[in-house]
Structures are given as C-alpha cells and as structure tokens.
Amino acid sequence: MSAVSDRLPTFPWDKLEPYKKTAAAHPDGIVDLSVGTPVDPVPELIQKALIDAADSPGYPTVWGTPALRDAITGWVERRLGARGVTHRHVLPIVGSKELVAWLPTQLGLGPGDRVAYPRLAYPTYEVGARLARAEYEVYDDPTELDPRGLKLLWLNSPSNPTGKVLSGQELTRIVAWAREHGVLIFSDECYLELGWEADPVSVLHLDVNGGSYDGIVAVHSLSKRSNLAGYRAAFLAGDPAVLGPLLEIRKHGGMMTSAPTQAAVVAALGDDEHVRVQRDRYAARRTALRGALEAHGFRIEHSEASLYLWATRDESCWATVAHLAELGVLVAPGDFYGEAGARHVRVAFTATDDRVEAAVRRLA
C-alpha cells in the first residue's frame, strides 16, 4: 500500500490544523470558510424522493435507471444548450471527486502519457495523474501546450479556486484546438449554475462544439447546486466513444450510485426552484463577505462565479491565514491550488448566515 500512497502529495488540509485551533479559540467560536461544503438543508422534495426509494434491496446499476438517464439528458439540453443528447451520452458517477482522482487510471494512462490542468486548480487533478503514474503539467492557455503525448486536458470553468469563467469564444477555440490535435477534453463544470458576474457556458453548448460531442466530456455535480455533497451524486455527459468504455470499466469496479440517491437526483434535476433559492442565499453571503474583506484591505480577483472569493493582501498566503485565524476566521491558503496562489487565499461563502455575519463583524 505504501507504494501507492508514496505517489501522493501531503493532504493539504492537514497543514491548516494549527490555524484551525487558533480560530476555534475565538470567544465566539470559529467561522470556517476554508472548505466549500454545503451547510443548508437538503430541499424537501429531494429528501422525499430519497425516502420513497429507501426500500431498495437489490443492487443498483452503474448506468443508472432509465428515469435517471432521462433526467440527466433533459437537464443537459434544458440548462446547458446541448442538443441530440441520448442515454449513450450520459453516465452517473459517485460524486465528481472520485471521477477526477481515478479518471486517468480508467482511461488507461500511464508513464509517458501527459495530463494537463490549469495553473491554479483543484489538487485532485494532479492526484489522478500521480495515481496513474502519468506525467502532469499546468497551463495558462491550453492551446500553448505541446499536444504530443497529451492524452487528457482538464478544463475548469467556473474555476476552483479563482472563480474565473472561460467565455464561449475561449471554449470554442480550445475545443477546436484539442480536436485538431486529438486531445481528449474533460471539462469540470461543477459550479456552472453559480455565476454572479458572468454567465458560465458548457462545452456541451451547441455554439461551442458545433453540434458534435467528439472528444469532449462535461463533469457535473449536485453537491453545490442542490446541497447534495453528502449524497455523492454527479454525472458525465459527452462523447459516447469515451463514456461507453468508462461504463464497462466502472461496472467491473462496482462504481454504483445507490438506488435512493439515483431517485433523489431525478427529483433534483427536475426542479429549478430550489436552485434559485440556494443561489439567493449564496448571493447574499457573497455580497456581505466581499464588502467586509475589501473594507479590511483585501483585493478580490476574478471570483465572477463559484462559491469562493479569491482574495489577497499582497502578502504570503500563510501570513493572511494566520491573521484571519486570530480573528477566528479560517480560510484556505492559495498555494493549496498551485504555486501561483502563494499570495492569495480562497474564502468560501458556504457558511450559515449567522456565521457569515460573525465574520463580517470581526473584519469590520
């Protein structure tokens, strides 16, 4: 087992423990803005769907029920501007992190193959490459990469951690470049429904891909938009020539979304109102935290979408983490997401209203 674990970096959040203890010592308790985990209730219609499907003694299927595939295809066309999406174009997954970590291995990548992801990015893209023993590299503009040996290109828009959004024109250019060079694109779009100062676009949009899904797959999650992080509910949509083999591999691996969760996802994807309600909650928290941080001397960069504010005081990210911890506020240091984040912190607005209000008071 050590041979596998030795391939991996130190789990970054372990480094935050001393600062977490400092923040927790605040007389009014910690305000934890370091992790983007949902804190609001699971909408009742989703809970009801889960409960109604609780009597599910048999094994679920990896591909999901026909009702689940119908729900995914319908949502992808209604919300993302995709066209001609069939059951062959979709695949349920057990939360998006599992997919990111194991995708290079399931694609059969290994030594000599290259995986690329944004310079500032979710750490699990690198972890996935390491698990497969593939090579990995970061980019500012993916079309400037050497395409030789590049087998997997990760896009992430809206970005975690920066909240940056790739425009439809940028996505169109990147998709055309990747197809020209035979590079497979996986586009992590888990924050797509949380655009604030931009309207995020999917690679599945007809205007981006020209009506063809060749060489592109989008990754979507219900963790943020529906408060379902505890359910582990996500899915892929895109090229059937990629998803078909992945389905067979995942059948062998037993990577099944539970039957009650599948029923819950059907309910979640069929209802837009709970997403609007949750967006309004996040919008209010975002406005309050952004104003408080800027008044405290922070500069907010990008952050036009997602659940985070990408903030800097033009100092070491760890100095900022320490400063805020003394106020009882815990944030994530930017270098968790790459060396380019060494002078930024990521501030999540996934805290309850009263905890956000506490952070605002402390920053004042």
Notebook entry, point to check: Quick one: does Ile72's side chain get under 4.5 Å of Leu269's, heavy atoms only?
Noted result: yes

Next item on the list: Give the cluster check for Leu246 versus Val115: same hydrophobic cluster or not, with ILVMFWY residues linked at side-chain heavy-atom distances below 4.5 Å.
Entry: yes

Item checked: Sidechain N-carboxylate O distance under 4.0 Å for Arg79, Glu189 -> no

Check: Okay, side chain of Asp113, backbone of Gly110: is any donor-acceptor separation there less than 3.5 Å?
Finding: yes

Item checked: same_hphob_cluster(Leu150, Val175) at 4.5 Å side-chain heavy-atom cutoff -> yes

Notebook entry, point to check: Judged by atom type as modelled, is there a donor-acceptor pair below 3.5 Å linking the side chain of Arg279 to the main-chain atoms of Glu193?
Noted result: yes

Next item on the list: Work out which heavy atom in Leu204 is nearest to a heavy atom in Gly238; give both atom names and the distance.
Entry: CD2-CA, 4.1 Å

Next item on the list: Keeping to residues at least two apart or across chains, list the ring pair (Phe, Tyr, Trp, His ring centres under 6.0 Å) pairs with something in residues 151-172.
Entry: Tyr125-Trp154, Trp154-Phe186

Margin query: Please enumerate all residues that pass salt bridge (charged side-chain N to carboxylate O under 4.0 Å, His left out) together with Glu304, with sequence neighbours excluded.
Written below: none

Next item on the list: Can you sort out the partners of Gln47 under side chain to side chain donor-acceptor pair (under 3.5 Å), two or more places apart, ordered by chain and number?
Entry: none

Note to self: My understanding is that only one of Leu91, Leu236, Val217, Leu247 makes a side-chain contact (heavy atoms from CB on, under 4.5 Å) with Val242; could you say which?
What the structure shows: Val217

Notebook entry, point to check: Is any side-chain heavy atom of Leu309 less than 4.5 Å from a side-chain heavy atom of Arg286?
Noted result: yes

Notebook entry, point to check: Val219, Tyr337: one ILVMFWY side-chain cluster at the under-4.5 Å cut-off?
Noted result: no

Checklist line | Approximate separation, where rounding is to 0.5 Å, of Asn160 CG and Cys190 SG | finding: 9.5 Å

Margin query: How long is the straight-line distance from CG of Leu184 back to CG of Asp214, given to the nearest 0.5 Å?
Written below: 11.0 Å

Check: Pairs in or reaching into residues 55-64: which pass side chain to side chain donor-acceptor pair (under 3.5 Å), with residues at least two apart or in two chains?
Finding: none

Note to self: Under the salt bridge (charged side-chain N to carboxylate O under 4.0 Å, His left out) definition, can you give me all pairs with a residue in residues 121-135, not counting sequence neighbours?
What the structure shows: Glu126-Arg130

Margin query: Quick test of your reading: applying side chain to side chain donor-acceptor pair (under 3.5 Å), list the pairs with at least one residue in residues 84-99, sequence neighbours left out, ordered by first then second residue.
Written below: Arg69-His87, Asp70-His87, Thr86-His89, Glu98-Arg250

Item checked: Closest approach of Pro38 to Ser223 (non-hydrogen atoms, all atoms of both residues) -> CG-O, 3.2 Å

Checklist line | Qualifying ring pair (Phe, Tyr, Trp, His ring centres under 6.0 Å) pairs with a residue from residues 280-305, counting only residues at least two apart or across chains | finding: His296-His323

Check: Has the side chain of Trp75 got a donor or acceptor atom that lies under 3.5 Å from a matching backbone atom of Gly270?
Finding: no

Checklist line | Pairwise distance OG1(Thr22) to CG(Leu16) - rounded to 0.5 angstrom | finding: 11.0 Å

Checklist line | Minimum heavy-atom distance Gly211-Leu206, with the two atoms named | finding: CA-CD1, 3.4 Å

Next item on the list: Please name the pair of heavy atoms, one in Leu192 and one in Val201, separated by the smallest distance, quoted to 0.1 Å.
Entry: CD1-C, 3.8 Å

Next item on the list: Would you check if Ile216 and Asp239 make a side-chain contact, meaning some heavy-atom pair closer than 4.5 Å?
Entry: no

Next item on the list: List in chain and number order the residues that pass side chain to side chain donor-acceptor pair (under 3.5 Å) with Glu170, two or more places apart in sequence or in another chain; answer none if no residue qualifies.
Entry: Ser167

Check: Do the side chain of Glu77 and the main chain of Val85 share a donor and acceptor less than 3.5 angstrom apart?
Finding: yes

Notebook entry, point to check: Should Arg114 and Glu137 count as an ion pair when the cut-off is N to O under 4.0 Å?
Noted result: yes

Next item on the list: For Arg285, enumerate each residue passing the salt bridge (charged side-chain N to carboxylate O under 4.0 Å, His left out) test, keeping only those at least two apart in sequence or located in another chain.
Entry: Asp40, Asp353

Check: Taking the side chain as C-beta and beyond, is there a heavy-atom pair between Ser306 and Leu194 under 4.5 Å?
Finding: no

Margin query: Does the plane of the ring in Tyr19 sit parallel, tilted or perpendicular to the ring in Trp318? Use 30° and 60° as the thresholds.
Written below: tilted

Margin query: According to side chain to side chain contact (heavy atoms under 4.5 Å, CB included), who are the partners of Asp314, at least two apart in sequence or on a separate chain?
Written below: Arg299, Thr312, Arg343

Item checked: Side-chain donor/acceptor of Lys151 to backbone N/O of Gly108, under 3.5 Å -> no

Item checked: Basic-acidic side-chain contact under 4.0 Å: Glu294, Arg290 -> yes

Note to self: For the CG atom of Leu153 and the CH2 atom of Trp177, what is their distance to the nearest 0.5 Å?
What the structure shows: 6.5 Å

Check: Tyr231, Leu307: one ILVMFWY side-chain cluster at the under-4.5 Å cut-off?
Finding: no

Next item on the list: Could you list the residues that satisfy side chain to side chain contact (heavy atoms under 4.5 Å, CB included) with Pro60, not counting sequence neighbours?
Entry: Met256, Ala259, Gln262

Next item on the list: Search all heavy atoms of Leu171 against all heavy atoms of Leu155 and return the closest pair with its distance.
Entry: CD2-CD1, 3.9 Å

Next item on the list: Determine whether more than 12 heavy atoms belonging to other residues, nucleotides or ligands lie under 6.0 Å from atom CD of Glu339.
Entry: no

Margin query: Could you measure the distance from the OH atom of Tyr122 to the OG atom of Ser159? Nearest 0.5 Å is fine.
Written below: 13.0 Å

Note to self: With a 3.5 Å distance limit and no angle check, can you tell me whether Arg119 reaches the backbone of Ala340 through a side-chain donor-acceptor pair?
What the structure shows: no

Notebook entry, point to check: So does Glu17 have more than 12 non-hydrogen atoms from other groups sitting under 6.0 Å from CD?
Noted result: yes

Item checked: Nearest heavy-atom neighbours spanning Leu120 and Gly338 -> CD2-O, 4.2 Å

Item checked: Within-4.5 Å side-chain heavy-atom neighbours: Thr320 and His344 -> no

Item checked: Ser303 side-chain N/O to Trp310 backbone N/O, donor-acceptor pair under 3.5 Å -> yes

Check: Do side-chain atoms of Asn209 reach the backbone of His205 as a donor and acceptor pair under 3.5 angstrom?
Finding: yes

Next item on the list: Have a look at Lys48 and tell me which of Asp52, Ile51, Leu45 forms a side-chain contact (heavy atoms from CB on, under 4.5 Å) with it.
Entry: Asp52

Notebook entry, point to check: Val39 and Val277: same hydrophobic cluster, using ILVMFWY side-chain contacts below 4.5 Å?
Noted result: no

Notebook entry, point to check: Can you name the side chain to side chain contact (heavy atoms under 4.5 Å, CB included) partners of Ser226, sequence neighbours left out?
Noted result: Ile46, Leu222, Leu228, Ala268, His274

Notebook entry, point to check: Can you tell if the side chain of Val76 reaches within under 4.5 Å of the side chain of His220, non-hydrogen atoms only?
Noted result: no

Notebook entry, point to check: Between Asp28 and Arg355, does a salt bridge (Lys or Arg N to Asp or Glu O under 4.0 Å) hold up when you go through it step by step?
Noted result: CA-CA 10 Å; Asp28 186 35; Arg355 290 288 82 190; 3.1 Å; yes

Check: Just how far is it from atom CG of Leu33 to atom CZ of Phe349, taken to the nearest 0.5 Å?
Finding: 10.5 Å

Note to self: Between Val347 and Tyr308, is the side chain to side chain contact (heavy atoms under 4.5 Å, CB included) condition met? List the steps.
What the structure shows: CA-CA 5 Å; Val347 184; Tyr308 312 106; over 6 Å; no

